[in-house]
Structure formats: C-alpha cells, structure tokens
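Hydrogens, waters and symmetry mates play no part in the numbers below; they use all other heavy atoms, side chains included. Since the structure is predicted, the reported quantities are computational estimates derived from the model, not experimental observations.
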Amino acid sequence: MEITEQFETPESTCPKCNSLLDGATRVHGKPGGPEVGDFTICFYCGTCCRFTPGLKLRLATEAEIQSLSQEIQDAIRKAKLFVKSRRPN
C-alpha cells in the first residue's frame, strides 16, 4: 500500500470503536486532504467510514462500498487487512 500524503483533521471518534482520530493518510485518489463524502479506514479497528460535514465520521454502508470501483474496493480491503495485521492477538 503506497502512502502518499498525511493530513491533520478535526478530532472525531470512530463510530465503531470510539477511538479518537485526528488525521488521515491518502493512499488512493486525488491530491489534497479528505473532503465530505470521502471514505476512510479507522486506524485502530479497520472499520470503513465516510467523512461528513466538519470532517466527522460515520459508518460507510455496504451499499456505498459496493458502489465503488473494484480498484477502490480492493484498496479498502487492503487497508482493513493492514490495520488488522497490526493488532495484537
């Protein structure tokens, strides 16, 4: 997974694990920081989320993920696997 840029974001909590998140890393897509509607993966639990107004997070629906190109879906899967591989057993 190629990490291209890192960005600070307003503090938000993961809607699944409640971890505090204050940054994002672009691994795919257009240059620049996250925007409303962009997808992200929680660094702590691997849950797929979307940025809302104010760059807060909400859970991404399965339908939203399925509507993405196969390339993006594959990138999401790889990011989730990376996060899960970092967790202690």
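Geometric assessment of R86 against the ring of F43 yields a positive cation-pi assignment under the 6.0 Å and 45° thresholds.
Across all non-hydrogen atoms, the minimal contact from G46 to V83 is N-CG1, 3.5 Å. A pairwise comparison of heavy atoms in T25 and Q6 identifies OG1-CG, 3.5 Å as the closest pair. In this structure, E64 and L59 approach most closely via the heavy-atom pair OE1-O, 4.4 Å. Across all non-hydrogen atoms, the minimal contact from T47 to C14 is CB-SG, 4.4 Å.
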### Task
Step by step, work out the side chain to side chain contact (heavy atoms under 4.5 Å, CB included) result for L21 and Y44.
CA-CA 9 Å; L21 302 166; Y44 298 98; 3.5 Å; yes
### Task
Let me see the working for C42 and C17 under side chain to side chain contact (heavy atoms under 4.5 Å, CB included), right down to the final yes or no.
CA-CA 9 Å; C42 174; C17 72; 3.8 Å; yes
### Task
Would you check, one step at a time, whether the test side chain to side chain contact (heavy atoms under 4.5 Å, CB included) holds for I41 with I76?
CA-CA 7 Å; I41 303 298; I76 288 171; 3.8 Å; yes
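Side-chain N or O atoms of E8 include none that pairs as donor or acceptor with a backbone N or O of D22 at under 3.5 Å. Within the 3.5 Å criterion, the main-chain N or O of G23 finds a donor-acceptor partner in the side chain of T9. Under a 3.5 Å cut-off, the side chain of S69 and the backbone N or O of I72 do form a donor-acceptor pair. For the pair R50 (side chain) and F39 (backbone), a donor-acceptor distance under 3.5 Å is absent.
Looking only at side-chain heavy atoms (C-beta outward), C49 and P15 come within less than 4.5 Å of each other.
Annotation: the span from K80 atom NZ to S85 atom OG amounts to 14.0 Å, rounded to 0.5 Å. With rounding to the nearest 0.5 Å, the separation of CD in E35 from CG in D38 is 5.5 Å. Taken from CG in L57 to SG in C48, the straight-line distance is 10.5 Å, to the nearest 0.5 Å. The CZ atom of R58 lies 12.0 Å from the OG atom of S12; values are rounded to the nearest 0.5 Å.
A 6.0 Å sphere centred on CD of Q70 holds more than 12 heavy atoms belonging to other residues, nucleotides or ligands.
By the 4.0 Å N-to-carboxylate-O rule, E11 lies too far from K56 to be salt-bridged with it.
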